[in-house]
Amino acid sequence: MYQVLGDYDKAVEFCESALKIKHEEGQYETSAQVLRILGEVNTQQDNLERAFSYLSEALKLAQLIGSQRDEIYIRNAMAVALRRKGDIEAAIESHLLALDMGEETGQHSADAEILTELGATYAEAGRFEEARQAQESALDLARKREERHVEGRALMRMGTLPPEVVDRERAIEFLAASAELFSGLGAPEAQQAHDALQAAV
């Protein structure tokens, strides 16, 4: 929750505390999840070398204990880090692998999150029609599952696609809905969505 709220220092503090707790049932799976969060937080702070270190460790641990659910989330997190690094093709490949794993194992809890991040990566690659399709799928899934934060991200990303893909009127609607949703959640993306809306009107 601290990660979602943008309080990265607190997120790291609680992650580090969790890693110190040993020899409890389910600890290895918890450690994989905590290492992923540390990787994500470092990605968000552009500490990419540290992010890849945490995510690689998380992936090894998830594979060691056979937790495919954790591996799916970790591979998506690695894709985001690869996008930040500028390795777009590798990022797309990692997103798609995460989606394929979810399909193969029947574990779809991460689908909306993966799709909105895949859409962002497609947009970074200039593949805007694929980006729109991915965001629409993410938005539909997020609304069905009431994943409000993911819904807000999909809306904002739809609203910032080029006008030849999403017309200006619809983009403004998406951005306004995103700003309202993020504000209601108290999420830091509210300002980003508001700024994008102001630029669009």
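Because only heavy atoms are used, hydrogens play no part in the values below, and waters and symmetry mates are left out as well, while side chains stay in. Bear in mind that the values here come from a model prediction, so they are computed numbers and not experimental data.
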Exercise. For F128 and A123, work out which heavy atoms get closest and say how close.
Key: CE2-O, 3.4 Å
Could you list the donor-acceptor pairs under 3.5 angstrom formed by side chains in residues 193-201, with sequence neighbours left out?
from, atom 1, to, atom 2, distance (Å)
D195, OD1, Q191, NE2, 2.8

Exercise. Report yes or no: does S178 contribute a side-chain atom to a donor-acceptor pair with the main-chain N or O of G152 at less than 3.5 Å?
Key: yes
Quiz item: Between the side chain of D140 and the main-chain N/O of E136, is any donor-acceptor distance below 3.5 Å?
Solution: no
Quiz item: Would R153 and T116 count as having a side-chain donor-acceptor pair, cut-off 3.5 Å?
Solution: no
Exercise. Inspect the contact between E151 and R148 and indicate whether a charged nitrogen and a carboxylate oxygen are less than 4.0 angstrom apart.
Key: yes
Quiz prompt | Verify same cluster id: I74, L48 (apolar side-chain graph, 4.5 Å) | solution = no
Quiz item: Hey, any chance L55 and V34 share a hydrophobic cluster, counting ILVMFWY side chains that come within less than 4.5 Å of each other, even indirectly?
Solution: no
Exercise. Take Y2 and F14 through the test side chain to side chain contact (heavy atoms under 4.5 Å, CB included) and record every step on the way to the result.
Key: CA-CA 9 Å; Y2 280 123; F14 276 88; 3.5 Å; yes
Self-check item: Inter-residue atom distance I114.CD1 - N76.CG, 0.5 Å rounding
Solution: 5.0 Å
Quiz prompt | Within 6.0 Å of CD in E164, more than 12 heavy atoms from elsewhere | solution = yes
Self-check item: Within 6.0 angstrom of E180 CD, more than 12 heavy atoms from elsewhere
Solution: no
Quiz item: What's the verdict on side chain to side chain contact (heavy atoms under 4.5 Å, CB included) for V80 and E40, showing C-alpha distance, side-chain angles and the deciding distance?
Solution: CA-CA 8 Å; V80 175; E40 291 173 349; over 6 Å; no
Exercise. Let me see the working for L155 and L175 under side chain to side chain contact (heavy atoms under 4.5 Å, CB included), right down to the final yes or no.
Key: CA-CA 6 Å; L155 285 165; L175 291 170; over 6 Å; no
Exercise. May I ask you to decide whether R157 forms a salt bridge with E117, counting only side-chain N to carboxylate O separations under 4.0 Å?
Key: yes
Exercise. Measure from the side-chain N and O atoms of R84 to the backbone N and O of T43, and report whether any donor-acceptor pair falls under 3.5 Å.
Key: yes
Quiz prompt | Same apolar cluster (I L V M F W Y, side chains within < 4.5 Å links), V150/L161 | solution = no
Quiz item: What are the two closest heavy atoms between R83 and A120, and how far apart are they?
Solution: NH1-CB, 3.5 Å
Quiz item: Going by heavy atoms in the side chains, are H95 and T121 under 4.5 Å from each other?
Solution: yes
Quiz item: At what distance, to the nearest 0.5 angstrom, does CZ of R132 lie from CD of E129?
Solution: 4.0 Å
Pairs of donor and acceptor atoms involving the side chains of residues 96-108, under 3.5 Å and at least two apart or interchain, shall be tabulated with distances.
from, atom 1, to, atom 2, distance (Å)
T105, OG1, M101, O, 2.7
T105, OG1, Q107, N, 3.4
H108, ND1, D111, OD2, 2.8

Quiz prompt | L64-L38 co-clustered via ILVMFWY side chain contacts under 4.5 Å | solution = yes
Self-check item: Distance-minimising heavy-atom pair for S109 and Y73
Solution: OG-OH, 3.1 Å
Practice problem: Would you tell me whether E113 and H149 have side-chain atoms, one donor and one acceptor, within less than 3.5 Å of each other? | Solution: no
Quiz prompt | Hydrophobic cluster identity match, L118 and I72, side-chain contacts under 4.5 Å | solution = yes
Quiz item: Should the heavy atoms of other residues, nucleotides or ligands under 6.0 Å from CZ of R50 be counted, would the total exceed 12?
Solution: no
Quiz item: With distance as the sole test, does S94 use its side chain to make a donor-acceptor pair with the main-chain N or O of A90 at under 3.5 Å?
Solution: no
Quiz prompt | Contact summary for A134 and Y122, nearest pair of heavy atoms | solution = CB-CD1, 4.5 Å
Quiz item: What's the spacing between Y54 OH and I37 CD1 if we round to 0.5 Å?
Solution: 12.5 Å
Quiz item: Nearest heavy-atom pair of V41 and Y8: which atoms, and what distance?
Solution: CG1-CB, 3.7 Å
Self-check item: Spacing of CZ belonging to R75 relative to CG belonging to L82, to within rounding of 0.5 Å
Solution: 11.0 Å
Exercise. Considering non-hydrogen atoms only, spot the tightest contact between L5 and L185 and give its length.
Key: CD2-O, 4.4 Å
Quiz prompt | Nearest-0.5 Å distance, CG of residue L139 to NZ of residue K144 | solution = 11.0 Å
Quiz item: Distance-only, no hydrogens or angles: does the S53 side chain make a donor-acceptor pair with backbone N or O of E49 under 3.5 Å?
Solution: no
Quiz item: Between CD of E93 and CD1 of I88, what distance do you get to the nearest 0.5 Å?
Solution: 13.0 Å
